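Everything numeric in this text was worked out from a predicted model, so none of it was measured. Ligands are counted one by one from 1 in listed order, and the atoms in each one are counted from 1 as well.
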Amino acid sequence: MTYPIYLIGYMGAGKTTAGRLLADRLGWHFVDLDEAFHEIHGLSPADYIRTYGIEAFRRKEKYVLEDLAELPIEKVVYATGGGYPCWEDNMECLKELGTSFYLRWQPHHLAERLALTDLNERPLLHGKNAAEILEVIAPQLEARAPFYEQADYIIDAPAGDILDGTEDEQLAEMLYDCIINE
Ligand code: S3P
């Protein structure tokens with residue numbers, strides 16, 4: 001397996017939370033690319049998109065990831081932005097730079113998880129309940145799946161009927177096992 005590790009998947013998939021837990025467990029660095037974007041450009045991805053539009057954001061987002069990949073540190077877990085892999089040749093870039101893991105969820109579970117988060121940073125979902133969120137995200141998730149599914153590994157999130165709040169820990173555990181057993 002080549003390093004660094006890139007976690008990809010839809011908003012709410014646990015890329016940041018599970019990624020941080022995974023990096024701690026491995027004793028590696030963790031970088032959230034949305035946070036890195038904010039530090040470098042002075043605006044959060046949501047504010048940048050509101051101000052300059054999605055195309056400008058995607059161009060900058062691409063360079064943030066590629067510039068960080070030039071650092072001579074391999075033992076890093078990166079949480080990518082949810083739309084990153086679905087833009088131009090980004091998925092190919094990820095596969096060249098390291099090893100990618102798609103955190104795959106059933107759409108209704110993603111909607112439930114998103115409904116529990118602060119939706120101020122997600123203008124399209126703001127003020128919506130889980131059922132309404134599902135209506136918004138389901139078509140986008142379907143369109144993005146062919147990109148996400150090109151990942152080197154697909155990790156299926158726990159699929160029980162009820163989310164019990166331990167899913168991110170379970171994902172981190174699955175990722176850890178996959179990485180150390182390679
Ligand atoms: C986006 C997801 C966000 C952020 C931006 C766009 C998307 O990242 O990059 O708001 O298009 O899905 P997270 O997946 O980390 O929330």
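- Below 4.0 Å from some heavy atom of Arg58 lie the following atoms of ligand 1, by number and element: 7 (C), 11 (O).
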Inset, instruction - Take Phe37 and Tyr48 through the test ring pair (Phe, Tyr, Trp, His ring centres under 6.0 Å) and record every step on the way to the result. - result: CA-CA 9 Å; Phe37 184 98; Tyr48 198 94; 5.1 Å; yes

Inset, instruction - Just do the side-chain contact (heavy atoms from CB on, under 4.5 Å) check on Met91 and Lys95 with the steps written out, would you? - result: CA-CA 6 Å; Met91 200 58 224; Lys95 290 169 70 86; 4.3 Å; yes

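- The structure places CD1 of Ile5 at 8.5 Å from OH of Tyr153, a figure rounded to the nearest 0.5 Å.
- Here is the list of ligand 1 atoms found below 4.0 Å of a heavy atom in Phe57: 9 (O).
- An N or O contact shorter than 3.5 Å is missing between Tyr10 and ligand 1 by distance.
- Among all non-hydrogen protein atoms, the one lying nearest atom 5 (C) of ligand 1 is Pro45 CB, 3.8 Å.
- Checking only distances, Gly81 never comes within under 3.5 Å of ligand 1, N or O to N or O.
- For Glu121, no heavy-atom contact with ligand 1 is shorter than 4.0 Å.
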Identify each donor-acceptor pair in which a side-chain atom of residues 128-144 lies under 3.5 Å from a protein atom, sequence neighbours left out, and give them as a table.
{"residue": "Asn129", "atom": "OD1", "partner": "Ala131", "partner atom": "N", "Å": "3.1"}
{"residue": "Asn129", "atom": "OD1", "partner": "Glu132", "partner atom": "N", "Å": "2.9"}
{"residue": "Glu132", "atom": "OE1", "partner": "Asn129", "partner atom": "N", "Å": "2.9"}
{"residue": "Gln140", "atom": "OE1", "partner": "Tyr10", "partner atom": "OH", "Å": "2.6"}
{"residue": "Arg144", "atom": "NH1", "partner": "Gly82", "partner atom": "O", "Å": "3.2"}
{"residue": "Arg144", "atom": "NH1", "partner": "Tyr148", "partner atom": "OH", "Å": "3.3"}

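- Which parts of ligand 1 touch Asp34 is read off a 4.0 Å heavy-atom cut-off, strictly below it: atoms 3 (C), 4 (C), 8 (O), 9 (O), 13 (P), 15 (O), 16 (O).
- Trp28 and Tyr3 have their aromatic ring centers within a separation under 6.0 angstrom.
- To the nearest 0.5 Å, atom CD of residue Glu96 and atom CD of residue Glu92 are 7.0 Å apart.
- Of the protein's non-hydrogen atoms, the one nearest atom 2 (C) of ligand 1 is Gly82 N, 3.5 Å.
- For atom 12 (O) of ligand 1, the nearest non-hydrogen atom of the protein is Arg144 NH1, 2.8 Å.
- Taking every heavy atom of Arg122 and a limit of under 4.0 angstrom, the matching atoms of ligand 1 come to 16 (O).
- For Arg20 and Glu35, the salt-bridge test passes: some basic side-chain N is under 4.0 Å from an acidic carboxylate O.
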